[in-house]
Amino acid sequence: MTASGLPPIRLHDLRHDAATLALAAHTDLKVVQAMLGHASIVLTADTYVSVLPEVTHKAAQETARLVLRAASKLRRELST
């Protein structure tokens, strides 16, 4: 603990926070990889992609939107 009563923060913790917040802001994974200097996008994805529930929720919403749009288009095509 520090004099403020808060636990110390390491630079690595700030790096992790920056990457997590960038992904929460919908920054492309390739950009975050470059920002962190990771040689492999797999490392970046494995470490950060599932950290925030908002990221997973947004992906599910976008997937559902695409499926519903395709279903609507198919219905229109079949009814003509």
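Excluded from the calculations below are hydrogen atoms, water molecules and symmetry mates; all remaining heavy atoms, backbone and side chain alike, are included. Note that this is a predicted model, so its numbers are computed, not measured.
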Straight-line distance of [X] [atom1] to [Y] [atom2], nearest 0.5 Å:
| X | Y | atom1 | atom2 | answer |
| --- | --- | --- | --- | --- |
| His12 | Asp17 | NE2 | CG | 10.0 Å |
| Leu68 | Arg75 | CG | CZ | 8.0 Å |
| Arg76 | Leu74 | CZ | CG | 10.0 Å |

*For atom CG of Leu78, is the number of surrounding heavy atoms from other residues, nucleotides or ligands below 6.0 Å larger than 12?*
yes

*Under 4.5 Å between any side-chain heavy atoms of Leu14 and Leu11, yes or no?*
yes

_Pairing donors with acceptors under 3.5 angstrom, does anything connect the side chains of Gln33 and Lys30?_
yes

*Using atom types as modelled and distance alone, determine if a side-chain donor or acceptor of Thr47 lies under 3.5 Å from a backbone N or O of Thr44.*
no

*Do Met35 and Ile41 share a hydrophobic cluster, counting only Ile, Leu, Val, Met, Phe, Trp and Tyr and linking them when any side-chain heavy atoms are less than 4.5 Å apart?*
yes

_Under 4.5 Å between side-chain heavy atoms, counting indirect links through other Ile/Leu/Val/Met/Phe/Trp/Tyr residues: same cluster for Leu43 and Leu29 or not?_
no

*Mind telling me whether Tyr48 and His38 have parallel, tilted or perpendicular rings, with 30° and 60° as the class edges?*
parallel

*Looking only at heavy atoms, which two atoms of Ala22 and Thr27 are closest? And how far apart?*
O-OG1, 2.8 Å

